[in-house]
> 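Questions regarding the structure given below will be posed in turn.
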Amino acid sequence: MLDKNGIATRIAQEVEDGQYVNLGIGIPTLVANHIPEGLNVEFQSENGILGMGPFPFEGSEDADLINAGKQTITALPGAVYFDSATSFAMIRGRHVQLTVLGAMEVSETGDIANWKIPGKMVKGMGGAMDLVASADNIVVAMMHTNRAGESKLLPQCSLPLTGVACVKRVVTNLAVLDIKDGAFHLVERAPGVSVEDIRAATAGELIVPDSVPEMQL
Amino acid sequence: MLDKNGIATRIAQEVEDGQYVNLGIGIPTLVANHIPEGLNVEFQSENGILGMGPFPFEGSEDADLINAGKQTITALPGAVYFDSATSFAMIRGRHVQLTVLGAMEVSETGDIANWKIPGKMVKGMGGAMDLVASADNIVVAMMHTNRAGESKLLPQCSLPLTGVACVKRVVTNLAVLDIKDGAFHLVERAPGVSVEDIRAATAGELIVPDSVPEMQL
Amino acid sequence: MAISKLVSGVKEACKGVEDGMTLMLGGFGLCGIPENCIEELVRLGVKDVTCISNNAGVDNFGLGRLLQGHQIRKMISSYVGENDEFERQMLSGELEVDLIPQGSLAERCRAGGAGIPAFYTPAGFGTEVAEGKEVREFDGKPHILESALTSEFAFVKAWRGDEAGNLVYKATARNFNPMMAMAGKITIAEVEELVPLGTIDPNEIHTPGIFVQRIFQGDSYEKRIEQRTVRPHKN
Amino acid sequence: MAISKLVSGVKEACKGVEDGMTLMLGGFGLCGIPENCIEELVRLGVKDVTCISNNAGVDNFGLGRLLQGHQIRKMISSYVGENDEFERQMLSGELEVDLIPQGSLAERCRAGGAGIPAFYTPAGFGTEVAEGKEVREFDGKPHILESALTSEFAFVKAWRGDEAGNLVYKATARNFNPMMAMAGKITIAEVEELVPLGTIDPNEIHTPGIFVQRIFQGDSYEKRIEQRTVRPHKN
């Protein structure tokens with residue numbers, strides 16, 4: 001079973017050389033720390049930077065330089081700042097090639113819900129609806145079950161949707177799963193996790209191939 | 001009867017303090033030379049400059065600094081350069097308050113034709129269609145008749161239209177005319193031009209008030 | 001020759017803002033927000049305003065200041081997650097909230113400023129956001145029709161500006177400011193530094209002065225950081 | 001970390017351009033046109049291409065060079081008035097021409113790059129341009145629906161650029177280049193000066209490198225002036 005950094009490490013393997021990548025808040029943000037040396041990748045943050053670097057050294061924080069999670073950041077050589085309309089032109093126009101974001105629920109048809117719990121939590125969708133409606137390549141990073149132990153991989157989402165039929169791959173603390181033909185297809189198991197563990201934690205239809213390799217981290 | 005510079009001089013009187021103005025190619029370009037001292041006006045050229053100045057001194061022409069007529073120009077202090085999408089955002093969004101442009105024909109309902117003579121001359125509309133569809137205040141600068149001596153102020157345009165019901169005022173070598181309620185309303189006569197001269201040169205419906213003052217130039 | 005937009009300060013800048021108006025406010029979180037104008041709106045005590053702003057500030061800063069005084073009737077935003085008072089007013093029904101995707105919010109403001117009354121976007125199809133909106137397929141993919149946003153006043157904050165209203169923003173403090181400057185009927189720009197006309201290279205201006213009706217240098221900027229994240233110095 | 005777009009020169013940059021493709025070319029008149037790429041397209045001799053460009057050059061420069069060799073099947077432009085060969089080919093029916101309003105051309109390219117499949121504009125309502133297009137009223141005013149433009153290749157010309165593909169244009173040579181950079185599936189940027197990564201202030205970049213797939217420094221620039229207008233020196 002993976003912790004959050006483990007999930008981020010596995011997702012970093014999805015990133016290809018030469019890609020522009022948008023990382024959501026939470027686990028996805030950690031992915032940046034696990035990109036292999038030598039891979040040329042640029043991180044976009046939808047509030048208006050491409051070429052985002054690591055957190056600043058203490059004392060060099062700049063209130064005018066933050067990421068979409070409102071964290072202070074730095075800019076790498078070759079970075080560029082832009083306005084929100086241009087930022088979402090990059091996203092909607094499919095110039096950003098990979099989006100990694102968190103979710104409360106994902107359905108077996110690729111629907112995602114991550115912005116609202118009616119009557120309880122209403123934070124807003126931020127840029128998530130634009131991101132999931134646009135990117136060719138959408139990977140969800142999340143725990144396989146919620147705090148109550150209920151599966152977050154469902155036949156249908158119960159919460160208000162963020163996007164429809166858009167998620168291609170889910171990486172959880174238990175497994176890597178692809179979504180196609182209306183089902184979750186088990187691709188890899190987390191170290192020490194059995195197919196039965198995954199089956200028990202997955203409410204949506206799960207297709208298990210004859211052999212399911214363990215993740216190589 | 002006015003020459004081209006006379007028409008430009010009269011149109012300069014239409015310009016108000018604090019206005020952003022787009023001047024078309026030909027007679028409209030000359031308007032810039034006749035703006036009274038002390039009037040704060042900025043000229044926009046739709047190829048991407050606001051704060052256009054006079055032609056450069058010989059030897060300081062810059063191939064990268066032109067107006068929409070492809071003439072070399074200069075930039076005044078406070079000028080700004082921008083791309084074509086932003087330029088037409090200014091125009092379509094009604095931030096440019098006054099547009100002066102030439103015409104081949106104008107109709108008594110305010111239609112304008114100035115971009116095409118089928119089978120003969122096809123230069124294209126450039127920015128004219130955007131300009132006439134957008135500005136609150138559109139003044140046409142032209143000769144009252146064409147080279148064959150035919151009126152250019154017509155019941156209906158015979159040439160392909162540039163815009164519909166958009167021209168508010170026409171300034172010609174003979175007169176200033178407002179367009180409203182489906183007719184040309186004579187406002188001023190050019191020096192030495194009689195109402196009868198104007199009537200003879202106007203094919204569209206012409207409304208003549210009891211007294212028609214001569215232009216003060 | 002340049003048309004001057006210079007006003008004496010925040011009080012003159014905010015003249016004419018009235019109860020019930022629709023206001024746009026630039027910024028992302030607390031980054032690039034018009035701090036001085038927000039304080040003046042608190043002082044003026046205008047009520048029942050509709051605020052179009054990506055976020056709603058925090059409890060005691062940014063738009064949170066207007067929420068504290070119950071000055072806002074309706075918020076049009078994309079993310080409002082950092083504000084307890086906001087959540088309380090929304091869940092109790094005191095505050096009307098229209099949540100829209102961030103990219104659609106940015107594009108709708110730009111459209112408002114650019115004279116584009118409506119456009120199609122894939123964002124939000126199949127979600128609550130699409131309810132009541134026209135759906136049309138382009139290239140086999142469903143899109144929804146989104147309309148332009150404009151406002152009676154827009155408040156933006158820039159790094160530098162000149163009296164012609166030309167603005168330059170710094171880093172990610174740019175965010176929504178340029179589009180809102182375009183979309184406001186009256187756009188008020190507050191700047192950290194007002195520089196003489198001709199100082200800013202005309203190649204490097206982010207917001208052309210034509211979009212700005214009033215400009216002034218703010219008295220002071222707190223520029224509060226919401227999430228201070230750092231890495232340790234290597235020793 | 002930055003993704004490099006640097007290629008060895010114009011030949012490598014133009015690899016993959018084939019007969020029948022749709023190409024966008026930046027520039028307004030002869031100002032800000034991709035001179036080196038145009039010459040390479042002449043050398044390559046690609047035929048039957050569709051060119052999206054505000055203008056068509058003059059008889060022996062700019063896109064006029066491609067017209068001379070009858071390489072263009074169709075032009076999508078707003079103004080083509082400076083070119084006799086163009087007029088001859090158009091009136092004889094050799095050349096297909098789609099003339100569209102300049103603002104709609106700019107916005108359609110931007111839309112193509114921004115994932116907006118269509119938008120409404122008042123420009124062209126009641127004219128030939130509106131034929132066959134949907135008309136809809138917004139706020140009592142008729143608008144027509146215009147669709148996005150994209151292209152297989154876009155050729156843009158900038159003043160400065162770096163290997164990440166970040167571009168800065170000079171003065172009015174910016175014009176259509178930024179939107180076409182967004183709308184090209186493969187965007188090729190030729191620059192007068194290639195500068196080291198990190199040299200350009202990230203605040204001052206006009207086209208972010210994400211929109212550019214290949215970049216090179218042009219061998220030489222003629223930068224011809226179409227209408228040399230001057231005023232006399234005061235003596």
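First the proteins, then the strands, lettered A, B, ... as listed; each starts at 1. What you are looking at is a predicted structure, and each value in this text was computed from that prediction instead of being measured.
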> For the interface with chain D, which of Trp115(B), Phe82(B), Tyr81(B) has the highest count of heavy-atom pairs at distances below 4.5 Å?
Tyr81(B)
> Please say whether more than 12 non-hydrogen atoms of neighbouring residues, nucleotides or ligands are located less than 6.0 Å from CG in Asp17(B).
yes
> How long is the span from the NZ atom in Lys116(B) to the CD atom in Glu128(D), to the nearest 0.5 Å?
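The distance works out to 3.5 Å.
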> Count the heavy-atom pairs under 4.5 Å between each of Ile225(D), Leu30(D), Asn175(D), Asn177(D) and chain B, then report the option with the highest count.
Asn175(D)
> So which of Gly126(B), Gly48(B), Ala63(B), Gly124(B) has the biggest tally of heavy-atom pairs under 4.5 Å with chain D?
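Most heavy-atom pairs within the cutoff with chain D belong to Gly126(B).
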> Determine the option with the most heavy-atom pairs under 4.5 angstrom with chain D, choosing from Ile91(B), Leu65(B), Leu131(B).
Leu65(B)
> Check this for me: does any side-chain nitrogen of one of Arg231(D) and Glu58(B) sit under 4.0 Å from a carboxylate oxygen of the other?
no
> Between Val129(D) and Met125(B), is any pair of side-chain heavy atoms under 4.5 Å apart?
yes
> Answer yes or no: does atom NZ of Lys168(B) have more than 12 heavy-atom neighbours from other residues, nucleotides or ligands under 6.0 Å?
yes
> Given that the side chain runs from C-beta out, which part of Asn67(B) has a heavy atom under 4.5 Å from chain D: side chain, backbone, both or neither?
backbone
> Determine the option with the most heavy-atom pairs under 4.5 angstrom with chain B, choosing from Thr121(D), Thr127(D), Leu105(D).
Thr127(D)
> Rounded to the nearest 0.5 Å, what separation is found between the CD atom of Glu46(B) and the OG atom of Ser78(D)?
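So the gap between those two atoms works out to 8.5 Å.
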> Counting only non-hydrogen atoms closer than 4.5 Å, does Glu222(D) touch chain B with its backbone (N, CA, C, O), its side chain (CB onward), both, or neither?
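Neither part, no heavy atoms under 4.5 Å.
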> Inspect the contact between Arg174(D) and Asp83(B) and indicate whether a charged nitrogen and a carboxylate oxygen are less than 4.0 angstrom apart.
no
> Tell me the closest heavy-atom pair linking Leu161(B) and Gly126(D), and the distance in Å.
CD1-O, 3.8 Å
> Out of Arg108(D), Lys170(D), Lys223(D), which one racks up the most heavy-atom pairs below 4.5 Å with chain B?
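Max contact count across the listed options: Lys170(D).
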> Tell me whether Gln156(B) at atom CD has more than 12 heavy atoms from other residues, nucleotides or ligands lying less than 6.0 Å away.
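No, not enclosed.
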> Among the options Pro142(D), Cys109(D), Gly32(D), Ala106(D), pick out the one with the most heavy-atom pairs lying under 4.5 Å from chain B.
Ala106(D)
> Looking at Ile100(D), Asn83(D), Asn55(D), which makes the most heavy-atom pairs under 4.5 Å with chain B?
Ile100(D)
> Counting only non-hydrogen atoms closer than 4.5 Å, does Pro232(D) touch chain B with its backbone (N, CA, C, O), its side chain (CB onward), both, or neither?
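Contact with chain B involves the backbone of Pro232(D) alone.
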> Between Thr72(B) and Gln227(D), does a side chain to side chain contact (heavy atoms under 4.5 Å, CB included) hold up when you go through it step by step?
CA-CA 7 Å; Thr72(B) 45; Gln227(D) 304 282 344; over 6 Å; no
> Check whether Ala68(B) gets within reach of chain D through its side chain, its backbone, both or neither, counting any heavy atom under 4.5 Å.
both
> Calculate, to the nearest 0.5 Å, the distance between atoms CH2 and CG belonging to Trp159(D) and Asp64(B) respectively.
8.5 Å
> Would you say the side-chain atoms of Thr229(D) pair up with the backbone N or O of Gln71(B), donor to acceptor, closer than 3.5 Å?
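Looks like no, no N/O pair under 3.5 Å.
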> For a 4.5 angstrom cut-off between non-hydrogen side-chain atoms, does Val122(B) reach Val80(D)?
no
> Determine whether more than 12 heavy atoms belonging to other residues, nucleotides or ligands lie under 6.0 Å from atom CG of Asp219(D).
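Count not over threshold, so no.
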> Please lay out, stage by stage, how Cys31(D) and Asn47(B) fare under the test side chain to side chain contact (heavy atoms under 4.5 Å, CB included).
CA-CA 10 Å; Cys31(D) 181; Asn47(B) 60 313; 5.9 Å; no
> What is the distance from atom OG of Ser87(B) to atom CD of Glu107(D), rounded to the nearest 0.5 Å?
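It comes to 11.5 Å.
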> Mind checking the NZ-OH spacing from Lys70(B) to Tyr79(D)? Nearest 0.5 Å is all I need.
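Interatomic distance, Lys70(B) NZ to Tyr79(D) OH, rounded to 0.5 Å: 6.0 Å.
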> To the nearest 0.5 Å, what is the distance between CD (Gln102(D)) and OG (Ser84(B))?
6.0 Å
> Show the nearest heavy-atom pair for residues Arg92(B) and Ser104(D), with the distance to one decimal.
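Reported closest heavy-atom pair: NH2-N, 4.5 Å.
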> Just so I understand: if I count every heavy-atom pair under 4.5 Å between each of Arg224(D), Met90(D), Met179(D) and chain B, which residue has the most?
Met179(D)
> Counting only non-hydrogen atoms closer than 4.5 Å, does Thr86(B) touch chain D with its backbone (N, CA, C, O), its side chain (CB onward), both, or neither?
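Answer is neither: Thr86(B) stays 4.5 Å or more from chain D.
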> Who wins among Pro56(B), Ala133(B), Gly127(B) for the most heavy-atom pairs under 4.5 Å with chain D?
Pro56(B)
